[in-house]
Amino acid sequence: MNPNHDLPNHFELLGTDGAARTGRLTTPHGVVRTPAFMPVGTAGAMKGMHWREVRDAGADIVLGNTYHLMLRPSAERIAALGGLQKFTGWNGPMLTDSGGFQVMSLSDLRKVTENAVTFRSHIDGAKVELSPERSIEVQRLLGSDIAMQMDECVRLPAERADIERAMQLSLRWAERSKRAFESAPDGYMLFGIVQGGDIPQLRHESAQGLVAIGFHGYAIGGLAVGEPQAVMLAMIDETAPLLPKQRPRYLMGVGTPDDILEAVKRGIDMFDCVMPTRNGRHGVAFTRFGQVNLRNARHADDPRPLDEESSWPSARNCARAYLHHLVKAGETLGAMLLSEINIAYYQFLMQGIRDAIAQGRFDEFYQRTRADWARGDI
Ligand SMILES: CNc1nc2cc3nc(NC)[nH]c3cc2c(=O)[nH]1
C-alpha cells in the first residue's frame with residue numbers, strides 16, 4: 001500500500017545526509033524548518049519568557065498541552081476567544097498533544113477503558129472523560145496546526161503483555177482519532193503515534209498499522225519514559241525505517257542536546273522537551289560546552305559570561321557571578337534569563353544541524369559538537 005496515500009503531504013524534504021534529513025513543514029500559521037525543536041508552552045505560556053523572545057531565539061513552532069488547556073481555561077473558552085494563537089499572542093504554528101500522557105503523569109483516580117481515559121482533574125478534582133473523539137474535538141477547538149492522535153503510553157520497564165495491550169489500543173484509537181479529525185479544514189494536520197515500548201516486533205506492528213491508516217506525519221511515542229538512551233536509540237532504529245520517508249517524524253518528549261543529535265542522525269525531524277525551560281528555572285544553563293549549574297559556588301566571583309560568542313545577548317553579556325547570585329537569591333529574573341538562554345541554545349543547535357545536513361557535513365558537525373560538549377565548561 002502506498003504509504004503516502006489518502007492525506008495531503010505538507011512536508012517538503014530539502015536534503016539528506018545519511019539518515020539525517022532537513023525539510024520544511026507548511027502549516028496554516030507558517031512554515032516550520034526541520035529538524036525542529038518545539039519549546040513546550042504547557043498551559044498557553046512559555047514559562048518565564050515572552051513570546052517575542054521565543055520567536056527571536058529562532059523557534060518556528062511551540063507545543064501546547066491539551067490536558068492543561070482543556071481543564072483551564074477550557075477548550076470552548078479558547079475557541080470563543082479566537083483559538084490558541086489569538087488567545088496567547090503566539091501567532092505562529094502550534095502543535096498540541098492529545099492529553100493522554102499528562103493524564104497518566106498528573107492526575108489520580110485515572111482509568112483506561114476501550115472507550116476513553118477517565119480521571120479526576122488535578123485542579124479541582126472534577127471527573128473528566130477523555131476519548132479519542134473528545135481529544136480531537138479539544139484540539140480542533142484550540143485551533144492547533146498539528147494535532148496528535150489519542151494514545152496510551154506505557155512507562156518502561158513494563159511487561160510485554162501490557163506494552164502489547166497499550167500498543168493495540170493505541171492503534172484502535174488511531175483509527176477513531178483519524179475519523180474524528182476528518183472534518184478539519186485543509187492544511188491542518190493529524191499525526192499518528194507509534195507505540196510498542198522496547199520490543200522491536202511491537203514497534204514494527206505499530207508503525208505498519210499506522211502507515212496503513214495514513215497520517216500527515218508520524219510520532220514515535222513511548223520513549224523518554226525512563227529507559228536508557230541506548231534503548232531509545234535502538235527503538236528509533238527499529239521504527240524510523242518503516243515510516244514514509246516523505247512524511248515528518250516527531251520524537252515525543254526528547255530531549256537533551258545529545259539525545260537530539262543522536263535522533264537526528266537516525267532520521268528524526270521534530271522534537272519537544274521541557275528541559276530547556278525547566279532546567280533554566282532550576283539554575284542550569286545549556287551551552288556549547290555542556291551544562292553549567294549556576295547554583296555551584298565556583299561561579300560566585302566569575303565575571304565571565306556563559307559564552308562570549310553566543311548569538312544570544314544575555315548568554316554573551318551576563319556575568320556568571322550575577323546569574324549565580326540571582327539563582328541563589330531565588331530572583332525571578334534568574335529563571336527568566338536562564339530559560340531564554342537555554343531556548344536560544346537549543347535553537348542555535350537546531351540551526352547548526354539544519355545547515356550541516358543541507359551542506360552534507362552532518363558527520364563533521366556531529367563529531368565537533370560532541371567534542372565541544374565533552375570539553376566541558378572551563
Ligand atoms: C500525547 N501522547 C504522547 N505523549 C508523549 C509525551 C512524552 N514525553 C516523554 N518524555 C518526556 N515521552 C513521551 C511519550 C509520549 C507518548 O507516547 N504519547
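Order of listing sets the numbers, starting from 1, for every ligand and every atom in it.
When only non-hydrogen protein atoms are considered, atom 2 (N) of ligand 1 lies nearest to D151 OD1, 2.9 Å. At the shortest separation from atom 10 (N) of ligand 1 among protein heavy atoms lies A224 O, 2.8 Å. The protein atom (non-hydrogen) at minimum distance from atom 15 (C) of ligand 1 is F101 CD1, 3.6 Å. Summary of contacts: the protein heavy atom closest to atom 12 (N) of ligand 1 is L223 O, 2.7 Å. Nearest to atom 11 (C) of ligand 1 among the protein's heavy atoms is G253 O, 3.5 Å.
The shortest N or O to N or O distance between G222 and ligand 1 is under 3.5 Å. Inclusion of Q149 in the set of residues having an N or O under 3.5 Å from an N or O of ligand 1 is not warranted.
A distance below 6.0 Å separates the ring centres of Y67 and H122. The aromatic ring centroids of F37 and Y345 lie 6.0 Å or more from each other.
Each of the atoms 1 (C), 2 (N) of ligand 1 lies under 4.0 Å from some heavy atom of S98. Taking every heavy atom of V225 and a limit of under 4.0 angstrom, the matching atoms of ligand 1 come to 12 (N). Ligand-side atoms of ligand 1 in range of D97: 1 (C), range being under 4.0 angstrom from any heavy atom. The distance from ligand 1 to the heavy atoms of I193 drops below 4.0 Å at these ligand atoms: 2 (N). Using a 4.0 Å cut-off to heavy atoms of G221, the atoms of ligand 1 that qualify are 16 (C), 17 (O).
Rounding to the nearest 0.5 Å places CZ of R266 at 13.5 Å from CZ of R249. Note that CG of L326 and CG of L338 are 8.5 Å apart. Values are rounded to the nearest 0.5 Å.
When each of Q168, E164, M167 is checked for a side-chain contact (heavy atoms from CB on, under 4.5 Å) with S206, only M167 meets the rule. Between P35 and the options L251, V264, L349, a side-chain contact (heavy atoms from CB on, under 4.5 Å) holds for only V264.
R24 has a carboxylate O that lies under 4.0 Å from a charged side-chain N of E12, or vice versa, which qualifies the two as a salt bridge. Using a cutoff of 4.0 Å between basic side-chain nitrogens and carboxylate oxygens, E137 and R134 are scored as salt-bridged.
No heavy atom of M148 sits closer than 4.0 Å to any atom of ligand 1. The closest approach between a heavy atom of Q195 and any atom of ligand 1 is below 4.0 Å.
For the residue pair D259 / T256, a side-chain donor-acceptor distance below 3.5 Å is found, with atom types taken as modelled.
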